[in-house]
Amino acid sequence: MRLPLYRRLLGPAFDTLPARVRELHDLDGVSVWEGRANVERGRSLVSRIAATLSSLPPQGDDQPLRVTFAAVRDREVWARQFGKALFRSVQYERRGLLRERVAITTFVFKAIASADGLALRLDGFRLLGVPMPRMLHPAVKTFESERDGRYRFEVEAHLPLFGLLVRYAGWLEPTVLEATRGSREIS
């Protein structure tokens, strides 16, 4: 049996993560989590076009969010439903780094685990499969943590010269079905 993606990426450091972050990333099969999110999109024309082409979530406060995580062979498919808008990505490991494909782009991240949470540091960026020079990389910050028993996330991306692309933050909890399944597995 193959280990879940984030366990493979992080090795023993995976066990240092907060409980809810571990639970979300200890994916075997399909998992559904729900919560709320605030989303801010960039205002420049280039940022708006890039956000639309990438199907990034729409601007809005306190949006309902449902995320379906599906482990498919050695990859994970994340389908994030912000209100009625769907934002999908595929994550996989190559050479010890996390790759996340979003539309025509691929982000290459170094995953960094601590007792505080999980950060992803951008190490590469590809457009249509072509590696882009560092000066054309977006600036991306992500952090996943646990607070008040909830999984929390913060994501922010800026485009060189054009400013904010998107910023979103919020929380997720396993759906009732997931929570029930998890408690049966623990017993």
Side-chain angles (χ1 to χ4, degrees), residues 1-35 54-55 65-81 86-132 134 137-147 149-157 168-175 177-179 181-187:
M1 184 169 103
R2 193 165 178 99
L3 289 174
L5 174 61
Y6 281 79
R7 279 198 177 274
R8 290 193 320 267
L9 276 170
L10 295 168
F14 183 86
D15 293 322
T16 67
L17 292 169
R20 280 291 191 194
V21 177
R22 280 193 322 268
E23 181 182 3
L24 182 133
H25 287 294
D26 221 359
L27 187 58
D28 178 19
V30 176
S31 181
V32 179
W33 291 54
E34 294 181 338
S54 299
S55 298
L65 173 59
R66 179 182 178 95
V67 186
T68 302
F69 304 92
V72 181
R73 292 179 296 282
D74 62 343
R75 297 171 183 252
E76 289 184 7
V77 178
W78 291 30
R80 304 161 185 90
Q81 185 86 36
L86 180 63
F87 170 46
R88 186 178 177 275
S89 69
V90 177
Q91 298 184 359
Y92 56 99
E93 180 268 336
R94 184 169 294 150
R95 294 185 202 100
L97 297 173
L98 176 70
R99 293 180 183 244
E100 183 169 25
R101 195 175 68 242
V102 177
I104 61 171
T105 62
T106 300
F107 298 85
V108 181
F109 293 107
K110 169 74 176 164
I112 303 164
S114 73
D116 293 329
L118 176 65
L120 299 178
R121 184 189 74 216
L122 188 66
D123 272 11
F125 177 69
R126 294 173 175 262
L127 182 62
L128 294 170
V130 177
M132 294 288 105
R134 218 166 265 290
H137 288 190
V140 179
K141 293 183 201 173
T142 74
F143 192 68
E144 302 172 34
S145 61
E146 178 180 338
R147 191 170 67 240
R150 286 181 167 159
Y151 167 87
R152 302 279 178 165
F153 59 89
E154 302 167 32
V155 177
E156 186 170 334
Y168 58 93
W171 57 269
L172 291 169
E173 294 178 332
T175 60
L177 176 63
E178 289 298 316
R181 186 184 81 168
S183 65
R184 282 197 310 258
E185 291 172 355
I186 292 169
S187 339

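- One finds the CZ atom of Arg152 at 13.5 Å from the CD atom of Glu144 (value rounded to the nearest 0.5 Å).
- The shortest side-chain heavy-atom distance between Val90 and Val72 does not fall under the 4.5 Å cut-off.
- The two residues Leu9 and Glu93 have their closest heavy-atom pair at CD2-CG, 3.5 Å.
- To the nearest 0.5 Å, atom CD1 of residue Ile112 and atom CZ of residue Phe143 are 10.5 Å apart.
- To the nearest 0.5 Å, atom CG of residue Asp74 and atom CZ of residue Arg2 are 5.0 Å apart.
- At least one side-chain heavy atom of Phe107 sits under 4.5 Å from a side-chain heavy atom of Phe125.
- Note: Leu118 CG to Ser145 OG = 10.0 Å, rounded to the nearest 0.5 Å.
- The aromatic rings of His25 and Tyr6 are tilted relative to each other, their planes meeting at an angle between 30° and 60°.
- The structure places CD of Gln81 at 9.0 Å from CG of Leu65, a figure rounded to the nearest 0.5 Å.
- Thr142 places none of its side-chain heavy atoms less than 4.5 Å from the side chain of Phe153.
- Between Gly117 and Leu17, the shortest heavy-atom distance links the atoms O-CD2, 3.4 Å.
- Contact of the Leu27 side chain with the Leu5 side chain is not registered, since no non-hydrogen atoms from C-beta on lie closer than 4.5 Å.
- At a cut-off of 3.5 Å, with distance as the only test, a side-chain donor of Glu76 or Trp78 sits close to an acceptor on the other residue.
- To the nearest 0.5 angstrom, Asp116 atom CG is 11.5 Å from Glu146 atom CD.
- In plain terms, the two heavy atoms of Arg7 and Asp15 that are nearest each other are NH1-OD1, 3.2 Å.
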Applying side chain to side chain contact (heavy atoms under 4.5 Å, CB included), run through Leu120 and Val140 and close with a yes or a no. CA-CA 8 Å; Leu120 299 178; Val140 179; over 6 Å; no
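- When all heavy atoms of Ala13 and Ala113 are compared, the closest pair comes out as O-CB, 3.6 Å.
- Not one N or O on the side chain of Arg150 forms a donor-acceptor pair closer than 3.5 Å with the backbone of Gly35.
- Between Phe87 and Tyr168, the ring planes lie perpendicular to each other; the angle is over 60°, past the 30° to 60° tilted range.
- Cation-pi geometry between Arg75 and Tyr92 is met: under 6.0 angstrom from the ring centre, within 45 degrees of the axis.
- A heavy-atom distance below 4.5 Å is not found between the side chains of Trp171 and Arg20.
- Residue His137 comes nearest to Leu122 through the heavy atom pair CB-CD2, 4.2 Å, listed as atom of the first residue, atom of the second, then distance.
- Using a 4.5 Å cut-off on side-chain heavy atoms (C-beta onward), Met132 and Val130 make contact.
- More than 12 heavy atoms of other residues, nucleotides or ligands shown are found within 6.0 angstrom of CZ on Arg99.
- Shown here for Phe69 and Leu24, the closest heavy-atom pair between the two residues is CZ-CD1, 3.6 Å.
- When side chains are defined from C-beta on, Glu23 does not count as touching Tyr151, because their heavy atoms never get closer than 4.5 Å.
- Pro18 is not listed as a side-chain neighbour of Arg147, based on a closest heavy-atom distance of 4.5 Å or more.
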